[in-house]
*Asks:* 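Here you go, one structure.
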Amino acid sequence: MGTVNVANKDINVSLAEKKPRVVFVLGGPGSGKGTQCANIVEHFHYTHLSAGDLLRAEIKSGSENGTMIQNMIKEGKIVPSEVTIKLLQKAMLESGNDKFLIDGFPRNEENRAAFEAVTKIEPEFVLFFNCPEEEMEKRLLSRNQGREDDNIETIRKRFKVFLESSLPVIEYYKAKGKVREIEAAKPIGEVFEAVKVVFTPKAEKVKKVSVFPFLCSKTIVHLPLMADMHCTYRLLPRPGLQTLPVIN
Ligand SMILES: Nc1ncnc2c1ncn2[C@@H]1O[C@H](COP(=O)(O)OP(=O)(O)OP(=O)(O)O)[C@@H](O)[C@H]1O
Ligand SMILES: Nc1ccn([C@@H]2O[C@H](COP(=O)(O)O)[C@@H](O)[C@H]2O)c(=O)n1
Ligand SMILES: [Mg+2]
């Protein structure tokens, strides 16, 4: 990052004070990041910030960086972190939310280190959509959203950048135990079922357990289970096979 001026310092302080919760959404071009983020927003009330969308909006706005960004996108190259991070910070502050899906960022080690250094924000986890190139290529070539980089020449460049620069970032977070990997080469609905499991808080996950009648006289009971040995469950009035919410 270049020098930090007073205005940027203020932005960083305001953001840090808000203690935002951030999930990085990563995966190859066309793996379905944007599609799944839209579903997550609807169900889990995050704000979706796509770094690519913010950069494309910056081109349209006629900003002084517009031509540089446009050229980088056409070549499938990664725009300097300083530019992208400023756009992300601004969008985070303007949103009024404190839960963010940051899609397509960090794209390389420079993005990752600069974001952490400037914002002091660590992601809660990284959602990684793993998809074979063949499937991603097919999806991008039929996306039809008028994107200048959805042509076979640029797509190949984007795949190369993903393998060489973005995968190492995913490996970095894997080593920290922060990656939640999703098999993305399935129909949209099936992919979202797997995504939902990642976003559903542990305490809300419902388990089916067999409750024997003699246990039903108590409100709370410790049940020895195969998967997690002693969990506390709130008992429902009827005995038999029941769905019980886990309460610890
Ligand atoms: N699971 C899926 N099965 C089939 N098609 C899909 C699936 N998920 C997304 N698509 C389609 O594939 C195309 C690319 O999806 P999307 O824009 O969500 O990918 P992305 O990861 O955000 O790509 P990029 O990195 O280029 O922005 C879209 O036309 C979308 O409708
Ligand atoms: N962190 C980023 C993210 C994106 N870019 C550039 O935008 C292009 C499109 O990104 P999508 O996520 O919408 O596919 C990408 O190929 C890069 O040129 C970037 O520079 N930095
Ligand atoms: Mg996208």
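Every number for a ligand or one of its atoms is a count from 1 in the order of the listing.
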*Asks:* Would Arg147 count as a polar contact of ligand 1, with the cut-off being nitrogen or oxygen pairs under 3.5 Å?
*Replies:*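 Between Arg147 and ligand 1, an N or O pair is found under 3.5 Å apart.
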*Asks:* Does only the side chain of Gln145 get under 4.0 Å from ligand 1, or the backbone, or both, or neither? Count heavy atoms.
*Replies:*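 Answer for Gln145: neither.
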*Asks:* Please tell me whether Phe100 and His48 form a close aromatic pair, meaning their ring centres lie under 6.0 Å apart.
*Replies:*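 They do not qualify: ring centres at least 6.0 Å apart.
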*Asks:* For atom 14 (O) of ligand 2, find the nearest protein heavy atom and state the residue, atom name and distance (0.1 Å precision).
*Replies:*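 The closest heavy atom on the protein side is Arg147 NH2, 3.0 Å.
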*Asks:* Considering only the protein, which heavy-atom contact is closest to atom 7 (O) of ligand 2, and what is its distance?
*Replies:*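 Of every protein heavy atom, Ile73 CG1, 3.6 Å lies nearest to atom 7 (O) of ligand 2.
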*Asks:* Considering the heavy atoms of Lys186, write down every atom of ligand 1 situated less than 4.0 Å from one of them.
*Replies:*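 Checking each atom against Lys186, I get 1 (N), 2 (C), 3 (N).
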*Asks:* Quick check, are the ring centers of Phe115 and Phe24 under 6.0 angstrom apart?
*Replies:*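 Centroid distance Phe115-Phe24: below 6.0 Å, so yes.
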*Asks:* Report yes if some heavy atom in the side chain of Phe125 is under 4.5 Å from a heavy atom in the side chain of Val198; otherwise report no.
*Replies:*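 Heavy-atom side-chain distance check passes, below 4.5 Å.
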*Asks:* Side chain, backbone, both or neither: which part of Pro187 comes within less than 4.0 Å of ligand 1 when only heavy atoms are counted?
*Replies:*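 Looking at Pro187 and ligand 1, just backbone atoms fall under 4.0 Å.
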*Asks:* Any idea which part of Leu55 is under 4.0 Å from ligand 2, heavy-atom wise: side chain, backbone, both or neither?
*Replies:*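 Only the side chain of Leu55 comes within reach of ligand 2.
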*Asks:* With a 3.5 Å distance limit and no angle check, can you tell me whether Lys186 reaches the backbone of Glu183 through a side-chain donor-acceptor pair?
*Replies:*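 Not confirmed, Lys186 side chain does not pair with Glu183 backbone.
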*Asks:* What protein heavy atom is closest to atom 3 (N) of ligand 1, reported as residue, atom name and distance in Å?
*Replies:*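 Atom 3 (N) of ligand 1 sits closest to the protein heavy atom Arg139 NH2, 3.4 Å.
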*Asks:* I'd like to check whether Val79 has a polar contact with ligand 2, where a contact means an N/O of the residue lying under 3.5 Å from an N/O of the ligand.
*Replies:*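 In this structure, Val79 places an N or O atom under 3.5 Å from an N or O of ligand 2.
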*Asks:* Check whether Ile170 and Val22 end up in the same hydrophobic cluster, where Ile, Leu, Val, Met, Phe, Trp and Tyr are linked by side-chain heavy atoms less than 4.5 Å apart.
*Replies:*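 Shared cluster, yes.
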*Asks:* Students should be able to answer this: which protein heavy-atom is nearest to atom 17 (O) of ligand 1, and at what distance?
*Replies:*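 Answer for atom 17 (O) of ligand 1: Arg143 NH1, 2.8 Å.
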*Asks:* Quick one: which ligand 2 atoms are inside 4.0 Å of a heavy atom on Gly104?
*Replies:*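 Checking each atom against Gly104, I get 1 (N), 2 (C), 3 (C).
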*Asks:* Looking only at protein heavy atoms, which one is nearest to atom 9 (C) of ligand 1, and what is the separation?
*Replies:*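 Ranked first by proximity to atom 9 (C) of ligand 1 is Thr35 OG1, 3.3 Å.
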*Asks:* Are Ile121 and Leu49 joined in one hydrophobic group, where the rule is that I, L, V, M, F, W and Y side chains link up if heavy atoms are under 4.5 Å apart?
*Replies:*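 In one cluster with Ile121: Leu49, yes.
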*Asks:* Distance under 4.0 Å to a non-hydrogen atom of Asn111: what atoms of ligand 2 satisfy this?
*Replies:*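 Listed by number with element, the hits are 1 (N).
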*Asks:* With a heavy-atom distance limit of 4.0 Å, tell me whether Gln70 approaches ligand 2 through its side chain, its backbone, both, or neither.
*Replies:*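 Under 4.0 Å from ligand 2, Gln70 contributes no heavy atoms.
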*Asks:* At a non-hydrogen distance cut-off of under 4.0 Å, which region of Leu140 contacts ligand 1 (side chain, backbone, both, or neither)?
*Replies:*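 It is the side chain that touches ligand 1; the backbone stays farther off.
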*Asks:* Applying a strict 4.0 Å limit to heavy atoms, is Gly30 in contact with ligand 1?
*Replies:*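 In this structure, Gly30 qualifies as a contact of ligand 1 - some heavy atom is under 4.0 Å.
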*Asks:* Below 4.5 Å, heavy atoms only, C-beta onward: do Arg158 and Leu140 meet side chain to side chain?
*Replies:*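 Yes, at least one pair of side-chain atoms sits under 4.5 Å.
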*Asks:* Among all the protein's non-hydrogen atoms, which is closest to atom 22 (O) of ligand 1, and how far away is it?
*Replies:*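 Of the protein heavy atoms, Gly34 N, 3.0 Å lies nearest.
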*Asks:* Does at least one non-hydrogen atom of Arg158 fall below 4.0 angstrom from an atom of ligand 1?
*Replies:*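 Judged by the 4.0 Å heavy-atom criterion, Arg158 does count as contacting ligand 1.
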*Asks:* Can you list the ligand 2 atoms lying under 4.0 Å from a non-hydrogen atom of Arg158?
*Replies:*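 Under 4.0 Å from Arg158, ligand 2 has these atoms: 14 (O).
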*Asks:* With side chains defined as the heavy atoms from C-beta onward, is the minimum distance between Val23 and Pro123 less than 4.5 Å?
*Replies:*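 They are not in side-chain contact.
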*Asks:* Counting heavy atoms only, which of Glu148, Lys33, Arg107, Arg112 comes nearest to atom 4 (C) of ligand 2?
*Replies:*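 Looking at heavy atoms only, Arg107 sits closest to atom 4 (C) of ligand 2.
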*Asks:* Return yes when Gly27 approaches ligand 1 closer than 4.0 angstrom through a heavy atom, no otherwise.
*Replies:*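 Contact absent.
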*Asks:* Where's the contact between Asp149 and ligand 2, heavy-atom distance under 4.0 Å: side chain, backbone, both or neither?
*Replies:*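 Under 4.0 Å from ligand 2, Asp149 contributes side-chain atoms alone.
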*Asks:* Should one rank Glu75, Arg56, Lys77, Lys157 by closest heavy-atom distance to atom 17 (C) of ligand 2, which comes out on top?
*Replies:*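 Among Glu75, Arg56, Lys77, Lys157, the closest heavy atom to atom 17 (C) of ligand 2 comes from Lys77.
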*Asks:* Would Arg180 count as a cation-pi partner of Phe128, with NZ or CZ less than 6.0 Å from the six-membered ring centre and within 45° of the ring normal?
*Replies:*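 That pair does not qualify as a cation-pi contact.
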